[in-house]
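Here the structure comes first, spelled out in structure tokens, and everything after it is commentary.
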Amino acid sequence: MNSSFQAPIGTHDVLAPQSALWEGLVATFAQLAFQYGFTLALTPMFEEIGVFNRGIGENSDVATKEMYVFQDRGDRTYALRPEGTASVVRAFIQHQPTTPYKAWYVTPAFRYERPQAGRYRQHHQLGVEAIGTDDPAIDVEVIALAWRFYQALGLRRVRLLINSMGHDECRGRYVNVLKGHLEEWREQLCDEHQKTWIQNPLRVLDCKRESCINVVNDGPLLPDFLCSECANHFASVRKGLAVLGIESTLDPRLVRGFDYYTRTTFEFVAEALGNAQNAIGGGGRYDGLSEQLGGKPAGGIGFGSGIERLLLAREAEGITQNLINRTIDLFVVDTSGLDVATVVVDELRNQGYAVVRSFDARSMKSQMKLADRSGAALALLIGPQEAESDQITIRDLRGEDFERDQQLVAREDLIFTLRQRLKK
RNA sequence: GUGGGCGUAGCUCAGUUGGUUAGAGCGCCAGGUUGUGGUCCUGGAGGUCGCGGGUUCGACCCCCGUCGCUCACCCCA
């Protein structure tokens, strides 16, 4: 153990029974995404580095210090994907599917940073992207999908924060005024932002230090700088959400970590997660991204959600309900040592049953223990006697009166009997 | 990148002022009826006490380093 390998820093193996939660979560999302008209997009886990840092911004933390960058043997510079959107947009540009192109994905994402609760070097995100339409109705659809997904997971204490960044011009005007304000009060900013406010003034907005918060609080607010078109768009989105009964809270200081966001931006916060890592999902519109990546102009919007954080949030809310059934139906106990068991197991699986057996010719007692622990409803016993007479003993593992509930059936009647007993 | 806490069996942890073969519970394996599970009883396997160095007659225990885990800051999912 001491000299053996272990998973790299900030990564985790997900094994049973935890992994069943993942299966359920992904299956739930896949079904929902399908219902909303999204199709699955599988894109590479690494891309030319420009795909990522052009969109998310050369100055962003993710691009400057958190990206996993490497050279391959052909001297190309690649990066492991730090987020989901850029790859899908790159694929959109490359293949030019008909618009609106609506895709969902589930993928690992990599960020080189010190791990802590709810933050890892490899985490997993699922999300959607809708590219090629500016209609605020699609914004509503994307946000609604996320909302319904959280509900399906059983989450009840989720808050939706929303804001609009406007398009380039609105944002530009705002940033100018904001810069002026920050310059005036720069001495009041926290140490960190006294140095960086010029490069990335928007970052100061979500600084959590009191000094910066005070400065920002008397500062200009983004929504006040929206042009009429952007303001209308934003109003439509909010109205659409309201019509669906989805409550959103305007957070004029909400600016997300990636530079590509325009107009609608939003974040879902799990209130049950008290710590700083309580954002379980977020996203927004990225109307300039396609062009930044060399494509034609195409507006788009998407959201991504962290699987690990969703599971943490569920745990924090005390939700234990399984999203998928992973209990097996039958355990075949074989002490005959003949091929009968192998054939029976195969037949049952072909019939659609989940069937497990033991190996290494263990004793009957030992196999019964395994059968019990397997969670199976019934054990099928095949010993020398059954093999000889072409019969099988069906034993109930869950009934209360387990001493007696045992039934000997002819092999040819097995499936028929199981159908009735398992009702499937 | 910075700071705090922690590293003893698969898991959760004991381990007395440094003293000889390092313990418990759970789990695992086997047996208690040579065809039968949940309880019970008995036995067993399993640890270079994270790693390296130092102090000492002697280190799981003290010191230094290192690696890892964890939590927090920053930022994000």
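Every value quoted in this text rests on a predicted model; they were computed, and no experiment measured them. The sequence lines fix the lettering, A, B, ..., with proteins before strands; numbering per chain opens at 1.
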Taking the six-membered ring for Trp, are Tyr112(A) and Tyr68(A) closer than 6.0 Å centroid to centroid?
yes
Taking the side chain of [X] as its heavy atoms from C-beta onward, which of [options] lies nearest to it?
{"X": "Glu66(A)", "options": "U36(B), C75(B), G37(B)", "answer": "C75(B)"}
{"X": "Arg373(A)", "options": "A77(B), U36(B), C28(B)", "answer": "C28(B)"}
{"X": "Lys369(A)", "options": "C75(B), G37(B), A77(B)", "answer": "G37(B)"}
{"X": "Lys365(A)", "options": "A30(B), U36(B), A72(B)", "answer": "U36(B)"}
{"X": "Gln6(A)", "options": "G68(B), C28(B), A77(B)", "answer": "G68(B)"}
{"X": "Leu381(A)", "options": "U36(B), U70(B), C29(B)", "answer": "U36(B)"}
{"X": "Ala117(A)", "options": "A77(B), C69(B), C71(B)", "answer": "C71(B)"}

[N] versus [M] - spacing of their [atom1] atoms, nearest Å:
{"N": "U42(B)", "M": "G52(B)", "atom1": "C1'", "answer": "43 Å"}
{"N": "G58(B)", "M": "G18(B)", "atom1": "P", "answer": "16 Å"}
{"N": "G50(B)", "M": "U12(B)", "atom1": "P", "answer": "15 Å"}
{"N": "A30(B)", "M": "G23(B)", "atom1": "P", "answer": "25 Å"}
{"N": "U20(B)", "M": "C6(B)", "atom1": "C1'", "answer": "29 Å"}
{"N": "G54(B)", "M": "C13(B)", "atom1": "C1'", "answer": "29 Å"}

Compare the ring of His124(A) with the six-membered ring in the base of A77(B) and state whether they stack (centres under 5.5 Å, planes under 30°).
no
Are a donor atom and an acceptor atom from the side chains of Thr320(A) and Arg314(A) found within less than 3.5 Å of each other?
no
Using both distances under 3.5 Å as the test, list the Watson-Crick or G-U wobble partner of [N], or none.
{"N": "G1(B)", "value": "C73(B)"}
{"N": "U21(B)", "value": "none"}
{"N": "G7(B)", "value": "C67(B)"}
{"N": "G46(B)", "value": "none"}
{"N": "U33(B)", "value": "none"}

Once you apply a heavy-atom cut-off of 4.0 Å, does [X] come out as touching a base, just sugar-phosphate, or nothing?
{"X": "Glu386(A)", "answer": "base"}
{"X": "Arg362(A)", "answer": "sugar-phosphate"}
{"X": "Glu113(A)", "answer": "base"}
{"X": "Ile9(A)", "answer": "sugar-phosphate"}
{"X": "Ala279(A)", "answer": "sugar-phosphate"}
{"X": "Gln277(A)", "answer": "base"}
{"X": "Phe110(A)", "answer": "nothing"}

Salt bridge check: are [X] and [Y] linked by an N-O gap of less than 4.0 Å?
{"X": "Arg285(A)", "Y": "Asp139(A)", "answer": "yes"}
{"X": "Asp251(A)", "Y": "Arg159(A)", "answer": "no"}
{"X": "Glu267(A)", "Y": "Arg256(A)", "answer": "yes"}
{"X": "Glu347(A)", "Y": "Arg411(A)", "answer": "yes"}

Candidates His124(A), His12(A), His123(A) - the one meeting side chain to side chain donor-acceptor pair (under 3.5 Å) with Glu308(A)
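With Glu308(A) as partner, His124(A), His12(A), His123(A) yield a single side chain to side chain donor-acceptor pair (under 3.5 Å), made by His124(A).
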Hey, which of these two, Ile382(A) or Glu267(A), hits RNA chain B nearer its 5' end, going by closest nucleotide?
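Mapping each residue to its closest nucleotide by heavy atoms, the 5'-most match is Ile382(A).
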When you match Gly118(A) and Thr335(A) each to their closest nucleotide on RNA chain B, which lands nearer the 5' end?
Thr335(A)
Would you please confirm or rule out a distance under 4.0 Å between OP1 or OP2 of [N] and any side-chain N or O of [X]?
{"X": "Ser366(A)", "N": "A30(B)", "result": "yes"}
{"X": "Gln116(A)", "N": "A72(B)", "result": "yes"}
{"X": "Arg256(A)", "N": "A77(B)", "result": "yes"}

To the nearest angstrom, how far is [X] atom [atom1] from [N] atom [atom2]?
{"X": "Asn278(A)", "N": "C75(B)", "atom1": "CG", "atom2": "C1'", "value": "13 Å"}
{"X": "Leu15(A)", "N": "C11(B)", "atom1": "CG", "atom2": "P", "value": "12 Å"}
{"X": "Arg309(A)", "N": "C75(B)", "atom1": "CZ", "atom2": "P", "value": "13 Å"}

